[in-house]
Amino acid sequence: MRLMRPDPLAFLGAELDSLKQLGLFRQLRILEGEQSHKTTFDHRQVVNLSSNNYLGLTTHPRLRERALDAVRQLGAGSGSVRSIAGTMDIHMELERRLAAFKQTEAVVVFQSGFAANAGTVAAVLTKDDVVISDQLNHASIIDGARLSRATIKVFPHKEIDAARKILTDLPSGQRKLLITDGVFSMDGDLGAVPELCALAEEFGCIMMVDDAHASGVFGRNGRGTIDHFGMHGRVDIQVGTLSKAMGVLGGYVAGSRALIEFLYHRARPFLFSTSHPPAVVAACIAAIDVLEQEPELIDRLWDNTRFFKAGLKALGFDTGLSESPITPVIAGDGALAMKLSDRLFAEGVFAQGIAFPTVARDKARVRTIVTATHTRDELQFALDVFARVGRELGIR
Ligand SMILES: Cc1ncc(COP(=O)(O)O)c(C=O)c1O
């Protein structure tokens, strides 16, 4: 007979109630159709300023065709983890193409950017090592550092002197990983890549950059911040994502042949999780073709970025220190940011609200991301809505 018992997960309901009371409870928005610049979420047509689909590649004809061909020729799944039977020749082709693109000896592809960061940091470091990390680095870096059991030292966002102080206080023989995002995902500013590379050289650190939001956006043909800053050869571990500007799914690590062989043997998401289906891999290869052959998409992304950012600034919004197509509109209070997002949505503009713990308590915001495929009319429409709703809520 089954014994009746109190629900052991009842505390989760209490947590959710408290989110509701704080105005921070969110229903998932449901996309009805393709991920695109103007589309329908929750039965409402909106200008979509919330995707990471920077270049519009989610629906690019070349990616679609290559994915469909791969399904016809190679099937729907890979059937195994990479290290057992799940390495198809198409997986190796993608890694070779990415290595050539990033100008490194080798590349390993993971199931996601999250897995690439967490799996790599956890594999490379041990409990005897130290990770020195920018305060605003992505959650996947933080989780990887925790999994590694290394000591975690955090420096305030982009404060090089503080990073230097941490390094000065550490024993010179200790293994150290210095790590930054290339583009910070919530603020859109660039990491202090050149300064940190110099510090890494001075103190003998492993240098790692997470270029998730820079892939396809910064550098020649979207090669990322290492290319943008001219830092080739000075970053030991480069992470990129295939899920954002590349329009598909996955993450990768670019570096020396020894690093990649090591990750093939020790990175747990590589060893213990099934590899990408052929359609995903084929579409990623097509995305590299597009970056190489259609750089005008990146030009269009930057034209739209300049137009929209200037428009928001002219309206008097606090847009922080963004240097990329990610532009926050900072409201301060979490509930106010969520209200701003809801009112924008009701008026036909989707800009997701973001609050604590994703950003600091007093820095809640809506985050906007323009893409290469937005039209000027759509961006102007969005600016007009921002002007109206911002005035109504007293945000500008
Ligand atoms: C800075 C940063 N790194 C890594 C990731 C993870 O990438 P992916 O979505 O491919 O898992 C993200 C995505 O949110 C990100 O913003």
Side-chain angles (χ1 to χ4, degrees), residues 28 31 35 49-55 57-58 63 94-95 98 102 107-122 131 133-147 154 157-158 177-193 196 208-219 222 224-226 228 235 237-254 267-270 273-277 280-281 283-284 287-288 320-328 352 354 357-359 365 367-369 371:
L28 298 179
L31 172 58
Q35 182 61 264
L49 297 174
S50 287
S51 87
N52 301 312
N53 185 22
Y54 291 102
L55 302 175
L57 298 197
T58 54
L63 276 73
L94 174 59
E95 292 183 346
L98 283 169
K102 298 293 282 190
V107 156
V108 51
V109 170
F110 287 83
Q111 296 83 355
S112 68
F114 196 108
N117 269 330
T120 300
V121 175
V131 52
S133 175
D134 187 288
Q135 177 192 12
L136 297 187
N137 277 345
H138 192 252
S140 52
I141 294 173
I142 299 166
D143 286 8
R146 288 177 181 159
L147 280 170
V154 174
H157 184 46
K158 293 174 75 168
L177 175 76
L178 185 55
I179 184 162
T180 183
D181 282 2
V183 174
F184 287 88
S185 56
M186 294 300 142
D187 291 275
D189 55 337
L190 285 164
V193 176
L196 292 174
M208 177 163 169
V209 176
D210 167 15
D211 246 353
H213 282 278
S215 308
V217 176
F218 281 90
T225 58
I226 284 83
H228 171 79
V235 176
I237 306 177
Q238 299 183 39
V239 169
T241 182
L242 302 161
S243 328
K244 302 185 192 300
M246 304 293 269
V248 196
L249 175 70
Y252 59 91
V253 175
R268 291 168 73 83
F270 184 88
S273 186
T274 296
S275 58
H276 280 149
V280 166
V281 186
C284 289
I288 302 172
L321 300 172
S322 167
E323 301 165 84
S324 72
I326 301 170
T327 309
Q352 187 63 269
I354 296 169
T358 310
V359 294
R365 67 208 44 204
R367 184 177 69 155
T368 69
I369 300 183
T371 70

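All ligand and atom numbering here is 1-based and tracks the order in the structure. What you see is a predicted model; the values in this text were computed from it and never measured.
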Student: If the condition is side-chain hydrogen bond (donor to acceptor under 3.5 Å, both in side chains), which residues does Asp181 pass it with, not counting sequence neighbours?
Tutor: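 So Asp181 forms no side-chain hydrogen bond (donor to acceptor under 3.5 Å, both in side chains) with any residue.
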
Student: Okay, side chain of Asn137, backbone of Ile179: is any donor-acceptor separation there less than 3.5 Å?
Tutor: yes

Student: In chain order, what residues pass the ring-ring contact (aromatic ring centres under 6.0 Å, His included) check against Phe184, with sequence neighbours excluded?
Tutor: His157

Student: If the condition is side-chain hydrogen bond (donor to acceptor under 3.5 Å, both in side chains), which residues does Ser185 pass it with, not counting sequence neighbours?
Tutor: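 Listed in chain order: nothing, the list is empty.
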
Student: Backbone N or O of Leu49 within a donor-acceptor pair of the Thr368 side chain at under 3.5 Å?
Tutor: no

Student: At less than 4.0 angstrom from any atom of ligand 1, which residues have a non-hydrogen atom? List them by chain and residue number.
Tutor: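 These residues qualify: Ser112, Gly113, Phe114, Asn117, His138, Ser140, Asp181, Ser185, Asp210, Ala212, His213, Thr241, Ser243, Lys244, Gly250.
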
Student: Ignoring hydrogens and angles, tell me if any N or O in the side chain of Gln238 forms a donor-acceptor pair with the backbone of Asp211 under 3.5 Å.
Tutor: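 Absent.
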
